[in-house]
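Notes follow once the structure below has been shown.
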Amino acid sequence: MASSLFTGPSTTRRTLLRSAGASAILAAAVTLSACSTGPATSTSDASASASSSAQFPVTIDHVFGKTVIEKQPTRVATVSWVNDDVAIALGVVPVGVPKNEWGGNGKGSTPWKDAALEELGAGFGTDKAPVRYSEADGINFTEIAKLTPDVILAAYSGLTEEDYKKLSEIAPVVAHPELAYGTSWQDATTIVGKALGKDAEAAKLVSDTEATVKEEAAKYPQIKDKTFIYGYALPSDRTQTGIYTANDNRPKFLSSIGMKLAPVAEQASAGSKEFFVPWSAEKVNELDSDIFLSSVEDASEADAIKNDPLLGQIPAVKSGAFVADANKSLVLAISASSPLSLPWALDAFLPELATAADAVK
């Protein structure tokens, strides 16, 4: 799914899933699709007009042009990650959302989404819950069309122009503003808020979430000003070695809590429209930073990176300032940041960073 661990020449969800070490999940998930028609309306319909903070119609600019939403949506469908989180955080229960087939729980969801939906009386398993459709093999046009949405949210996504045109035949589409999978959670929240007629609520949600992140990060002063590289290292396939650029939400989050993107990563990011750039395993000794982060399948893979004759030469790995996270939900919460996922992630992620920062020599 979106913004996972590696991307090749094209930023497709299939490529992203495969390189996340989830090819087995992908193969199984292709056969899955939602079969119900979902709730008749969004569970927030009754309160939508009362809480609206914008006048319709509204026009939203995006990478493929402009989308006009004539009236406040009541049947909201989402694609990719983040967009459903934002809608739910704003009190709007979508009629349809993608399954979380990477980084999700046994329900094909996430802990933060489950908690928010339950609070809205629309937990999965109830008649008010959103329909879930598989996106393991790309956008699920058929299932989305069945739900007859009046808007499709994709402010954080990697929609192609072809995807956009096909979805637009179903309903108005709110696409990403510029870079595929490069929309910050703040911008995604603002855009979705505008599309749903909840501008003021979205602004407060951004402000409150940023305050929470800042408050929690302040408890770990040792991470401030530490340089970092968020990369990917796979001992079994060194050709997948690479680093995330400043366009990606992982570096954006770490920068927001007072850390500094290492100069080598800044240089790799300059002028790039990608969120991930490959890096030769033979030159990983040039990836100089205080802290190096990478997701891993399990603890044994972390040890394999440390002991690898090439990957073990990454300076921060060599010095012990290495964050190797095997918790896929936690990786998802940071990489596909949202106002729901970040508060959930802080209690686990910040101590990991602090431990790595303590190891910096």
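Quick note: numbers below take in every heavy atom, side chains included, and nothing from hydrogens, waters or symmetry partners. The first residue of the sequence shown is numbered 1, and numbering continues consecutively from there.
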With a 3.5 Å distance limit and no angle check, can you tell me whether S207 reaches the backbone of K204 through a side-chain donor-acceptor pair? no

How about N249 and S335: does a side-chain donor come under 3.5 Å of a side-chain acceptor? no

Do V151 and V174 have side chains that approach each other closer than 4.5 Å (heavy atoms only, starting at C-beta)? yes

Should the pair E143-K146 be classified as a salt bridge under the 4.0 Å nitrogen-to-oxygen rule? yes

Side-chain (S329) to main-chain (G103) donor-acceptor, under 3.5 angstrom: yes

What verdict does the salt bridge (charged side-chain N to carboxylate O under 4.0 Å, His left out) test give for K194 and D199, after you've listed the backbone C-alpha separation in whole Å, the side-chain angles of each residue and the deciding distance to 0.1 Å? CA-CA 5 Å; K194 182 177 181 179; D199 301 72; over 6 Å; no

Check the side chains of D163 and T160 for a donor-acceptor pair under 3.5 angstrom, ignoring hydrogens and angles. yes

Cation over ring, K107 on F124, under 6.0 Å and within 45°? no

Residues two or more places apart in sequence or in another chain: which of them pass salt bridge (charged side-chain N to carboxylate O under 4.0 Å, His left out) with E178? none

Test side chain to side chain donor-acceptor pair (under 3.5 Å) applied to S236 - qualifying residues, sequence neighbours left out: none

Output every pair passing ring pair (Phe, Tyr, Trp, His ring centres under 6.0 Å) with a member in residues 185-204, not counting sequence neighbours, ordered by first then second residue. none

Using the test salt bridge (charged side-chain N to carboxylate O under 4.0 Å, His left out), find all partners of E216 that sit at least two apart in sequence or belong to another chain. K219

Within the 3.5 Å criterion, strictly below it, is a donor on N100 or K113 matched to an acceptor on the partner's side chain? yes

Below 4.5 Å, heavy atoms only, C-beta onward: do I152 and P172 meet side chain to side chain? no

Scan side-chain atoms only and decide if S338 and D85 contain a donor-acceptor pair under the 3.5 Å cut-off. yes

In the structure I gave you, are the side-chain heavy atoms of P111 and N105 within less than 4.5 Å of one another anywhere? yes

Ring pair (Phe, Tyr, Trp, His ring centres under 6.0 Å) against F64, all qualifying residues, sequence neighbours excluded: Y164, H176

Donor-acceptor contacts, no H, no angles, side chain residues 259-273, under 3.5 Å, sequence neighbours left out:
| unit_1 | atom_1 | unit_2 | atom_2 | d |
| --- | --- | --- | --- | --- |
| S269 | OG | A246 | N | 2.9 |
| S269 | OG | A265 | O | 2.8 |
| S272 | OG | E274 | N | 3.0 |

Is there side-chain contact between P149 and I170, with heavy atoms separated by less than 4.5 Å? yes

L167 and L159, any side-chain heavy atoms less than 4.5 Å apart: yes

Can D150 and K71 be said to form a salt bridge (charged side-chain N to carboxylate O under 4.0 Å, His left out), step by step? CA-CA 9 Å; D150 48 23; K71 60 183 181 179; over 6 Å; no

